[in-house]
Each structure stands twice: as C-alpha cells, then as structure tokens.
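Worksheet: one structure, shown below.
Every value quoted in this text rests on a predicted model; they were computed, and no experiment measured them. We use all heavy atoms of the structure for the numbers below, so side chains are in, but hydrogens, waters and symmetry mates are not. To find a chain, count down the sequence lines: A is the first, B the second, and so on, and within it residues start at 1.
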Amino acid sequence: MKIANVIVDVPTKQTDRPFDYIIPKEWENVIQPGMRIVVPFGPRKIQGFVTDIKAGSEVKQLREMIEPMDLEPVLNKELLHLGEWLTETTLCFKIFAYQAMLPAALKAKYEKMVRLAPGMKAECLPQKIKPYFTNHKSLDWEEALKDGLVSVLQQEAAKGKLEVVYVVKERVRKKQVKFVGPLFSAAELAVEKEKIQANAEKQKQVLDYFIDHPNPMELRKLLQETNASAATVKALVAKKLLFEEEMEVYRNPFEHRTFEHTYPLPLTNAQAAAIKPIHASIESQKHEVFLLYGVTGSGKTEIYLQSIQKVIEKGQEAIVLVPEISLTPQMVNRFKGRFGDLVAVLHSGLSAGEKYDEWRKIQRKEVKVVVGARSAIFAPFENIGIIIIDEEHETSYKQEDMPRYHARDVAIERAKTYQCPVVLGSATPSLESFARAQKKVYHLLTLSSRMNERPLPAVDIIDMREELRAGNRSMFSRKLFDMLKDRIEKGQQSVLFLNKRGHSSFVMCRDCGYVVNCPNCDISLTYHRAGSRMKCHYCGYESHIPKVCPECSSEYIRYFGTGTQKVEEELGKILPEARVIRMDVDTTGRKGSHERLLKEFQEGKADILLGTQMIAKGLDFPNITLVGVLSADTMLHLPDFRSSEKTFQLLTQVSGRAGRHQLPGEVVIQTYTPEHYSIELAGTQNYDLFYQREMMIRKLHHYPPFYYLALITLTHEHLMTVVAETEKIVHYVRSQVSNQAVILGPAASPIPRINNRYRYQCLIKYKREPNLTRILKKILDQYQKETKNGLLVSIDINPFILM
DNA sequence: GGCCACCCTGAA
DNA sequence: TCAGGGTGGCCC
C-alpha cells in the first residue's frame with residue numbers, strides 16, 4: 001500500500017506537518033511528490049501538496065485521498081526542498097511556502113453546497129426550502145446563509161434528506177480556443193469542392209482557403225480571413241470535410257507588441273573586465289555571488305544579456321529579477337528583443353490567467369529566461385545557469401507577509417543548489433550587500449564610468465530656505481524655473497520628481513491641521529476620487545468626506561493629494577506654455593495607463609513629466625536633459641533607520657535619468673536640509689563616501705549590516721493585554737540570548753492600532769545567536785497553540801519595514 | 001480554517 | 001428542557 005505525505009491547505013500551527021493518506025490502486029502510478037491532490041480533512045475536502053510517498057504509516061485511522069489535481073508535479077524536488085528551507089528560515093507555515101512558489105491561479109477555491117441526498121425528491125422537503133431544490137440540484141451555502149436557511153437545512157440533513165458537499169475548484173482554466181482544419185489533402189479537397197452545391201459560395205471559399213493553407217487554424221482568425229460565418233464552417237464540419245477541435249493556447253500579454261531583434265553590443269573595456277569572472281563562474285559551474293556596482297548608464301543590462309547568452313548556449317536557464325517590472329516596459333523590450341520567444345515575463349500587471357500561462361511555459365521548458373518581479377525567483381526551472389537581481393537595493397524584493405522572504409536570499413540558496421552565479425546589480429547597492437562585497441563574501445565588480453563616456457549630470461542643490469529669504473514663496477526655485485523655461489525653448493524634455501512619502505493622499509483641515517483618521521486604526525484615511533470617499537487601507541472602513549472640520553468647524557477641509565496635482569496647477573500658472581504629463585495614483589490607476597503615459601512622453605507629446613516615486617526607475621529617453629527634485633527631504637525624516645539610505649538611492653537614481661544619451665544632462669535638487677550627507681553626497685553621486693558615513697551611523701546605533709534584526713509583533717484588542725504579553729516575551733528573549741544582543745521593547749508599533757487591535761513589538765538586534773531560531777520557534781509554538789484569548793504573534797526575521 | 005462536541009447560560 | 005452562544009481540540 002502506498003501512502004502519500006501531504007501538506008494540507010490549512011494555515012495553522014497545529015496542521016503545519018504532513019498528514020498521511022492512502023493512495024488508491026488506480027492512482028498508484030500517477031501520484032508523485034510535488035503534485036496537488038484533493039484530500040478529505042475532517043468533514044471537508046481540501047487541497048494538499050504531496051511531499052513524499054512512503055510504503056507505510058504509523059497512523060492507524062488512514063483515509064484515502066480523493067483525486068489528483070495535476071497530471072505532473074507542479075513543484076519539482078528542488079522546489080519542495082526549497083520550501084522546507086523557506087519554512088525554516090522565515091518561520092512560516094509549510095503551506096505558505098509552497099503556495100508562494102506557484103502562480104495564484106493554482107491556489108484552490110473552496111465551495112460548500114447542499115444537495116438532495118441520493119434517491120430523495122424535493123417533495124419530501126419542508127415548504128420553506130422546497131423551492132430551492134425543485135429546479136436546482138444544489139444550493140450554494142453562501143446563499144443559504146444569506147436567506148437564513150441554515151438551521152432548516154441542518155435538520156433535513158440530519159434526517160438524511162439532504163447532504164452537504166464540498167468542492168475544490170481551480171481558480172483558472174487553461175484557455176481553450178476552437179481550431180478548424182481540413183480532414184483531406186489539398187487535392188482531395190479540390191475534388192470535394194466540386195461536389196458542393198453551386199449556391200454554397202462561402203463554403204467553397206473556405207475550402208479554397210484550406211487548399212492553400214492546409215494547417216489547422218483558429219476559428220476566429222479563419223472567419224476573419226475568409227469573411228465566412230460560423231454557420232458556413234459548421235456546415236463543412238457536418239459534411240465531414242473539416243474538423244473542429246478545442247486546443248489549449250497561451251494568453252499572450254504581448255500579443256499586439258513587436259520586439260525589434262537586437263544583437264550583442266561590443267563591450268567597453270570596463271564591461272569586458274566585469275563580465276569575465278561571471279563567464280568563468282558559469283563555465284566552471286562554481287557558485288559565486290557577484291555585486292555588479294555600476295553607475296547609472298554604465299551598461300549593466302548588456303552584461304546581464306551577454307551572461308544569459310552564455311548560459312543559454314550551455315543549455316541552461318536564467319532568472320532575472322527586476323523590481324515591479326510593469327514599471328519598466330523598456331526592460332522587457334530589451335530581453336524580448338535579444339532572446340525573443342525564449343523569454344517568459346512574470347509581473348503584477350498580468351492577469352492571473354496570463355501569469356499562469358507564462359508560468360506554464362517555464363514549467364514545460366518552452367522558455368529559457370524568466371524576467372519578473374520578486375516571486376519569479378521561484379520559477380520552476382531545473383537547470384539554472386545564472387540568477388540576476390537588478391536594482392539589488394530595492395526594498396520590494398522583501399515580501400512583507402508570510403512567507404517573509406527576501407528574494408536575494410532565495411536566489412543565493414537556489415544558486416548553491418545549481419552551483420551557478422548570482423549577479424546583484426545596482427548603482428547604489430544596499431549597505432548589506434556592499435559590506436559583504438568589502439568583506440569578500442561577494443565578488444565586487446565595478447563599472448565606474450558611463451557608457452560612451454557620457455559624463456554624469458551636473459547636480460545643483462538648491463537651499464529652499466534661501467529662496468524663502470529672498471522672497472520666493474513658490475515651490476519652484478528661481479534656478480529650476482529658469483532651467484525649465486530654457487528646456488521648453490530648446491524643445492528638450494524635463495522630469496519633475498516629487499519625493500513624497502507613500503502613494504496616498506489624505507484629508508486635512510487647513511485651519512487647524514486636523515487629519516481624518518480611521519476609527520478602527522491609528523492611521524489617516526486615504527482619499528479616493530471615485531465617489532469622493534475616504535477609505536482605510538488596513539481595515540476597509542469607508543466614509544464620506546466631511547463638509548466642515550469636525551474639530552474646528554472650518555470649511556477649509558479638503559484632500560491633500562500626492563502633491564502632484566498642486567504642482568501641475570502651479571506649473572500652469574508660471575509656465576502656461578508647458579505641456580505637462582502627470583503620473584501618480586490618480587492618472588495611472590487603470591491597467592496600461594502607465595505605459596501609455598510614458599509612451600506619450602517619449603514621443604515628445606509633452607515637455608515635462610511630473611510624478612512621484614514611480615517615475616524614478618527605468619526611464620531612459622534621449623531627450624531628457626533636466627531632472628528636478630522638488631523636495632528632497634520629505635522622506636528623510638521618517639522613523640526608519642534606512643531613511644538616509646533610501647533618500648540617497650532615490651536621488652541618485654533620479655539624477656541618473658538625465659543626459660543618458662547625446663545631450664548632456666543637468667539635475668536640480670531642492671531641499672530644506674542641503675547639509676544632510678545623504679543629499680549632499682547624492683549631489684556629487686559619491687556612493688563610496690555615503691557608504692562610509694552611513695556605515696558609521698549604523699555601527700553606532702547597532703543596525704544592519706553590523707547587526708541582524710528580528711521583529712516580534714503582538715496584536716490584541718486590549719491594550720493592557722498586548723503590553724503585558726509583549727513584556728513577557730521581551731523578558732523571555734532577554735533570558736535566552738547572549739548579552740551581545742540588544743532587545744528593544746515593548747514598544748508600540750509605528751501603526752499602533754489596526755482594525756481595533758493594538759500592536760506592540762519587540763525588536764531584537766543581534767550579531768551571532770545560533771539559538772535564536774529555536775527561541776523564536778518556541779515563542780510561536782507557545783502562542784499559536786494557546787490561542788490566548790485572541791492574542792496574535794508574528795515574527796519577521798530581517799524586517800524591512802519596522803511595523 | 002472550519003467543524004463539532006462540549007459546556008454554560010437563560011427562559012419557558 | 002432545549003435553543004443559543006461561546007470555546008477548545010481535532011483533522012491523516
């Protein structure tokens with residue numbers, strides 16, 4: 001008898017272990033580790049992952065599995081193993097680890113229904129529920145709940161008249177398209193054609209088409225080509241001249257785009273020097289992590305492309321991670337242009353079905369390269385030759401909910417398995433990575449000059465306090481205004497960047513400064529243009545915008561946008577001739593609008609591109625000669641130990657958008673704190689000095705990369721409970737770790753209340769605590785088991801956001 | 001997560 | 001006595 005070890009789709013501590021199921025004879029040769037199957041679990045049916053197959057089991061009361069959900073494993077051996085590693089290192093449930101590795105489309109959907117028991121008729125049922133079963137076989141549980149039928153249904157079920165059934169459903173179907181093709185050869189068709197009635201002109205045309213094109217083709221396209229109707233084709237199928245068939249097709253998100261084929265470019269000396277050790281690592285199959293530190297515009301992408309080329313030639317596969325790829329269609333173009341159909345693209349802009357299809361291309365080994373955001377690191381390749389992480393410093397590589405993994409760590413783990421190189425690329429590496437490169441843990445490769453020797457743009461830092469003193473109260477300094485005017489006259493383009501925290505806007509009273517907060521969470525409500533309402537992003541609370549301020553009754557209460565709208569208005573006043581494209585949450589909400597706006601800008605339909613964070617990346621247009629940062633320091637004062645690093649990275653990144661081609665570029669940074677090192681050094685693009693300064697501060701305050709962090713967050717509806725329990729945990733941790741570790745807390749989280757639950761935390765800073773994982777596991781065991789009257793504990797190892 | 005068995009409570 | 005509601009332990 002064969003037994004399947006199954007990780008069941010129930011994310012709790014108690015079920016976070018394999019359950020054993022008998023594999024019935026009929027499935028014995030089908031079921032393999034890595035497949036999804038449907039199993040009975042208590043009274044329900046649920047999805048599970050087969051992790052292993054054994055000959056026997058310790059468990060006495062075994063049940064049989066119900067059916068497989070896959071014909072071949074969706075997780076290969078390596079990924080199953082990687083799942084265990086993920087569980088261990090991020091302390092998440094196994095089921096979360098496995099689900100994170102698959103496209104969302106493969107996550108099961110569950111339905112609970114009530115139907116007549118076998119042999120029962122609707123007539124036997126009480127009046128109240130009879131109509132529900134007279135014309136329908138089954139009733140949706142949700143509907144029964146809504147109509148208040150549950151207790152009646154339960155009574156009837158107890159009498160054996162009804163039964164409750166559970167259904168496990170797939171989220172998406174493979175896309176099926178009707179194909180039509182000839183059943184005879186061209187010559188035979190010609191003969192058959194003569195037999196058709198004289199007046200069936202359309203049918204003859206269709207046959208003619210197949211005489212010329214003997215291959216089956218999509219029905220939709222055939223109808224377009226031949227101008228025939230579906231009925232015509234149907235008639236020919238009835239005459240047994242043509243066949244119809246449903247075939248699986250991939251949804252193609254790039255259907256209406258063509259990619260110009262590109263060829264390897266000659267490398268500069270610096271590029272050639274950098275690529276050499278990478279190629280050596282590929283060739284010798286030796287795992288190594290490279291930090292490719294190259295200033296903006298130094299040609300990192302060409303190094304990626306030619307390394308991948310080498311990997312493909314060796315018959316291996318490549319994974320390329322790009323931060324939020326939908327933001328950089330240009331990046332996709334570069335990979336599709338070089339490797340064409342060998343590239344699959346995975347990013348958040350695709351629909352679930354499209355993502356699933358791209359994933360299937362990888363699984364079926366129809367592609368060799370994956371370009372994608374964070375989760376693409378789990379691409380189901382089996383012979384990886386290189387993993388590349390572009391913009392390595394980006395915080396979006398860290399997932400903020402379970403499993404709380406960092407794509408960089410997963411990349412290194414997989415690369416160790418395949419003995420292949422990892423390339424981390426950035427113009428402003430994270431301190432963690434650069435420190436590792438300094439310690440020779442990573443192999444540092446430097447590109448210190450731009451390609452075609454373009455100089456880095458000249459940067460002007462403008463002290464806005466001076467402007468104010470000089471009587472300029474506008475948000476544009478005199479210098480920036482002059483330069484904008486100058487570019488418009490010359491017909492060149494400018495980018496204006498508003499460095500604002502977050503992407504959201506809030507409602508505030510201009511008289512007393514009152515901000516409308518969520519009643520359930522300690523956070524301001526976010527303004528939504530649709531219906532002019534305010535929403536809480538954490539608990540879903542919604543309300544109207546008040547007409548007068550609830551605090552001071554002033555009528556001057558209104559929403560503060562990301563600020564871009566205000567900037568646009570002011571631009572209209574001072575530079576009425578300027579054509580402006582604004583990019584923020586309001587203008588890029590709909591799918592594809594982002595790309596469209598960028599395209600318009602590229603085509604020269606505007607002089608100024610105005611936006612928030614989202615325009616900082618990947619913009620590479622030849623005509624941009626001016627970049628202006630309106631307020632460089634808004635992000636600097638956030639309570640986050642990485643705020644200086646983020647400011648420096650962002651300013652450097654933005655400055656790099658100017659003058660990447662023939663025309664030289666200039667950058668203007670406006671700030672109220674020009675003396676701050678992260679702004680000053682971004683001005684001179686001096687990463688090395690910034691690194692030194694920032695490292696000193698990190699060392700002083702016991703932050704990464706000198707110390708590791710682990711964050712324990714507790715939530716409960718009573719403030720007192722949460723404080724007391726956090727206190728206990730702080731004590732426990734303190735008693736268990738060495739005196740080298742620093743334990744902070746209990747302290748309120750940066751968002752102290754969400755959905756009426758108070759949030760307290762304990763932050764552990766440590767250098768070497770071999771027992772820490774064990775200690776943290778113990779805490780989770782203790783608290784997740786006891787359901788302590790609703791106390792929830794979550795742990796983030798190496799957190800990025802300390803909330 | 002969802003279910004059921006179990007307990008307690010309160011009202012007839 | 002039983003419906004109603006809250007809780008804890010189990011699910012191969």
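Protein atom CZ of A:Arg63 is 5 Å distant from nucleotide atom P of C:dC12, rounded to whole Å. We find that NZ of A:Lys60 is positioned 12 Å from P of C:dC11, with the value rounded to whole Å. Here the C1' atom of nucleotide C:dC11 and the CE atom of A:Met65 are 18 Å apart, to the nearest Å. At whole-Å resolution of the value, CG in A:Asp16 and P in C:dC11 are 16 Å apart. What separates CZ of A:Phe19 from P of C:dC12 is a distance of 8 Å, to the nearest Å. Rounded to whole Å, atom C1' of C:dA3 lies 11 Å from atom CD of A:Gln155.
Under 4.0 Å is where a charged nitrogen must lie from a carboxylate oxygen, and between A:Lys355 and A:Glu358 no such pair does.
Nucleic acid contact for A:Pro18: none, since no nucleic acid atom lies under 4.0 Å from a heavy atom of the residue.
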Can you give one letter per nucleotide of nucleotides 1-11 of chain B, going 5' to 3': B for a protein heavy atom under 4.0 Å from the base, S for sugar-phosphate only, - for none? BSS--------
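Panel note: side chain A:Thr90, backbone A:Tyr405; no donor-acceptor pair is recorded below 3.5 Å. The backbone N or O of A:Tyr708 sits nowhere less than 3.5 Å from a side-chain atom of A:Lys765 that would complete a donor-acceptor pair. Side-chain N or O atoms of A:Asn755 include none that pairs as donor or acceptor with a backbone N or O of A:Arg757 at under 3.5 Å.
A:Glu58 CD: 12 or fewer foreign heavy atoms inside a 6.0 Å radius.
Under the ring-ring contact (aromatic ring centres under 6.0 Å, His included) test applied with A:Phe49, the options A:Tyr98, A:Phe93, A:Tyr21 reduce to a single match, A:Tyr98.
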